[in-house]
Amino acid sequence: MFSFSMPELVLILVIALVVFGPGKLPEVGKAIGKGIQEFRRASTDIVNPKDEPSKVEATPDNKQSDEKK
């Protein structure tokens, strides 16, 4: 899909370091990693759903209406 060489990756890292600063860079990386993980999990769940929700029909509770009469 994308092919990055080492100089391109270093340039991206330097730009990210300048924009976010050294204190925020680990937090940004962690957030991006979690986002990618959630995207992968969601995309595999759509293709191969593990747990299909069972259909449960709600029945009205007639006991309360009988007690009021």
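Keep in mind that what you see is a predicted model, and the values were worked out from it rather than measured.
- Residues Val28 and Leu11 are members of one and the same hydrophobic cluster, defined by side-chain heavy-atom contacts under 4.5 angstrom among Ile, Leu, Val, Met, Phe, Trp and Tyr.
- Residues passing the side-chain hydrogen bond (donor to acceptor under 3.5 Å, both in side chains) test with Gln37, sequence neighbours excluded: none.
- Under the side-chain hydrogen bond (donor to acceptor under 3.5 Å, both in side chains) criterion, Arg40 pairs with no residue at all, not counting sequence neighbours.
- The line from NZ of Lys34 to CZ of Arg41 is 11.0 Å long, rounded to the nearest 0.5 Å.
- One finds the CD1 atom of Ile36 at 11.5 Å from the CD atom of Glu38 (value rounded to the nearest 0.5 Å).
- For the pairing with Ile15, the side chain to side chain contact (heavy atoms under 4.5 Å, CB included) check across Leu13, Ile12, Val19, Val18 returns one residue only, Val19.
- Cluster membership check: Met6 shares its hydrophobic cluster with Val14, using side-chain heavy-atom separations under 4.5 Å among Ile, Leu, Val, Met, Phe, Trp and Tyr.
- Under the side chain to side chain contact (heavy atoms under 4.5 Å, CB included) criterion, Ala31 pairs with no residue at all, not counting sequence neighbours.
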